[in-house]
A.B. asks: 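Quick one: this structure, given as structure tokens, is what I'll be asking you about.
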Amino acid sequence: MMDSAANKSEQEISLKDLFINIKQWGVYLFSKWYILLIAGFFGAGIGILYSKVKKPIYTATTTFVLESGENSGGGLSQYMGMAAMIGIDLSSGGGGIFQGDNLLELYKSRKMIEAALLRPSVSDSAQLLIDKYIDLSKTKEVWKEKTPGLLSIDFKLHHQKTPIIQRQRDSILSKAVLEINKNILQVGKPDKKMSIIKIDVKSENEVFAKEFNEALVMEVNEFYIQTKTKKSLDNIVILQHKTDSVRAVMNGAISSAAIIVDATPNLNLTKQAQRIVPSQRSQFSAETNKAILGQLVQNLEMSKMALMKEAPLIQKVDEPIYPLSVERIGKLKSVFFCSIFLTVLTAVFIVFRKIMFRVLD
């Protein structure tokens, strides 16, 4: 019982000491009110200056719904076996890369961002978007002082004059891709339960934000079409070539039969083989190729239907329009936070300085 009472007494004393120390530090900081007031005014001045210097941030936003297309099944399945016999695959093209979070990563990939940066600016066709980006980042000012040779790089040329310049060009593009992914580009789903995808591009330049957003979405759209429909397009090219070849052979057989008849107008009745055998052979070839042609044309039309089902594109919901939404640092907000921050920082410094003096004494 005595130990319990002693422990309770020690806890009360410790808690009392804590409150006493807090009160002493409060009184000490209050005695330095003029220093904290000066720090607050100084912070307010910094806040006003920051709100004037800080440029507004423009945000270009595109939202879209991805339509993955329909699978080729049902009526097409009955033709898959016949098409496979002649080396044609009528199964629907794959689209796994555009499912789930893969599409989000595609927007942030180096290939897509670099391709978008190498597109010409809509507002100034003489410039690429990478040139606009370099101008905005004021990188050329650094190049003039340290590496003036970089100023001669022409990003419109995919292959530079020397391997060194090519390496420098690729290095600049890679750095730009990293910075864009880190500071400018935001890709995500506003709601995980929904299939809507949102692309945000933030920049101090309104024109660049809008143009880069549109260029990136266009690049992904084109890549989507090419990848999604590649198998069906290849099938159509092969089927079209085979159809044209069989039609040419069939037409040749029909012409041969007619030529044989014309070549023997007064044929001796005892020598019918000269006309009948070649003529029937040509007719049989024509009939055979006619049957094959019918199946090929049928498969060709089914492949074209499959292609139409597999190419729904990315359906845009909203796209950026002028004026873009702008984010500015309010003067009052900047003054308040800078003033509070500098005041708290000054209070911490005063307390730390007092503690250090006590320790050294």
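Values below: all heavy atoms of this structure, side chains included; hydrogens, waters and symmetry mates excluded.
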A.B. asks: Mind checking who shares a hydrophobic cluster with I164, ILVMFWY linked at side-chain heavy-atom distances under 4.5 Å?
C.D. replies: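 Members alongside I164: none; it stands by itself.
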A.B. asks: Consider only side-chain heavy atoms of I, L, V, M, F, W and Y, link residues closer than 4.5 Å, and tell whether M218 and L106 are in one cluster.
C.D. replies: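 In one cluster with M218: L106, no.
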A.B. asks: If you look only at distance, which donor and acceptor atoms sit under 3.5 Å apart when one is on a side chain in residues 129-137 and the other is two or more places apart or in another chain?
C.D. replies:
residue	atom	partner	partner atom	Å
D131	OD2	L128	N	3.1
Y133	OH	E179	OE1	2.5
D135	OD2	Q127	NE2	3.0
S137	OG	Y133	O	3.1
S137	OG	I134	O	3.0
S137	OG	T139	OG1	2.6

A.B. asks: How long is the straight-line distance from CG of D200 back to OG of S325, given to the nearest 0.5 Å?
C.D. replies: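 With rounding to 0.5 Å, OG (S325) is 7.5 Å from CG (D200).
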A.B. asks: Hey, what do you get for CZ (R110) to CG (N181), rounding to the nearest 0.5 Å?
C.D. replies: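 With rounding to 0.5 Å, CZ (R110) is 11.5 Å from CG (N181).
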A.B. asks: Answer yes or no: is there a side-chain heavy-atom contact under 4.5 Å between L216 and L117?
C.D. replies: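 Of all side-chain heavy-atom pairs linking L117 with L216, none is under 4.5 Å.
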A.B. asks: Can you name the residues that form a side-chain contact (heavy atoms from CB on, under 4.5 Å) with T63, not counting sequence neighbours?
C.D. replies: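 Checked T63 against side-chain contact (heavy atoms from CB on, under 4.5 Å); matches are T61, I196, K198, V317, D318.
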A.B. asks: What pairs of donor and acceptor atoms, side-chain ones from residues 338-352 against any protein atom, are under 3.5 angstrom apart with sequence neighbours left out?
C.D. replies:
residue	atom	partner	partner atom	Å
S339	OG	G40	O	3.0
T343	OG1	S339	O	2.7
T346	OG1	L342	O	2.7

A.B. asks: May I ask you to test the I113-F212 pair for a side-chain heavy-atom distance under 4.5 Å?
C.D. replies: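 Yes, close enough: below the 4.5 Å cut-off.
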A.B. asks: Quick check: do N213 and I199 have side-chain heavy atoms less than 4.5 Å from each other?
C.D. replies: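 In contact.
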A.B. asks: Considering only NZ, NE, NH1 and NH2 on the basic side and carboxylate oxygens on the acidic side, decide whether E206 and K210 come within less than 4.0 Å.
C.D. replies: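 No salt bridge links E206 with K210.
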A.B. asks: Just by distance, do the side chain of S171 and the backbone of R167 share a donor-acceptor pair under 3.5 Å?
C.D. replies: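 No, the answer is negative, given that no donor and acceptor are paired below the 3.5 Å cut-off.
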A.B. asks: In Å and rounded to the nearest 0.5 Å, what is the CD to CG distance from E114 to L118?
C.D. replies: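 With rounding to 0.5 Å, CD (E114) is 5.5 Å from CG (L118).
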A.B. asks: Going by the salt bridge (charged side-chain N to carboxylate O under 4.0 Å, His left out) test, which pairs reach into residues 118-130, not counting sequence neighbours?
C.D. replies: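 Every pair satisfying salt bridge (charged side-chain N to carboxylate O under 4.0 Å, His left out) with a residue in residues 118-130: R119-E219, R119-E222.
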A.B. asks: With heavy-atom distances below 4.5 Å as the criterion, would you say the side chains of S203 and Y58 are in contact?
C.D. replies: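 The answer is no, as the side chains (C-beta and beyond) never meet within the 4.5 Å cut-off.
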A.B. asks: Within a strict 4.5 Å, meaning less than it, do heavy atoms of the P320 and L324 side chains meet?
C.D. replies: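 Touching, per the 4.5 Å side-chain cut-off.
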A.B. asks: In this structure, would I57 and I184 fall into the same cluster of hydrophobic residues linked by side-chain contacts under 4.5 Å?
C.D. replies: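 Hydrophobic grouping puts I57 apart from I184.
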A.B. asks: Look at the side chain of K182 and the backbone N and O of V177, then say whether any donor-acceptor pair between them is shorter than 3.5 Å.
C.D. replies: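 No, because the side chain of K182 does not come within donor-acceptor range (under 3.5 Å) of the backbone of V177.
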A.B. asks: Flag the pair R169 / F155 as yes when at least one side-chain heavy-atom distance between them is below 4.5 Å, and no otherwise.
C.D. replies: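 R169 reaches F155 side chain to side chain.
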A.B. asks: Taking salt bridge (charged side-chain N to carboxylate O under 4.0 Å, His left out) as the definition, give me every residue that meets it alongside E204, ordered by chain and number, with sequence neighbours left out.
C.D. replies: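 Scan of E204 (salt bridge (charged side-chain N to carboxylate O under 4.0 Å, His left out), adjacent residues dropped) gives none.
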A.B. asks: Counting the benzene-type ring for Trp, do F64 and Y107 have ring centres under 6.0 Å apart?
C.D. replies: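 Centroid separation for F64 and Y107: below 6.0 Å.
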A.B. asks: Looking at E211 and S123, would you say the former's side chain and the latter's main chain have a donor-acceptor pair under 3.5 Å?
C.D. replies: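 Yes, the answer is positive, given that a donor and an acceptor are paired below the 3.5 Å cut-off.
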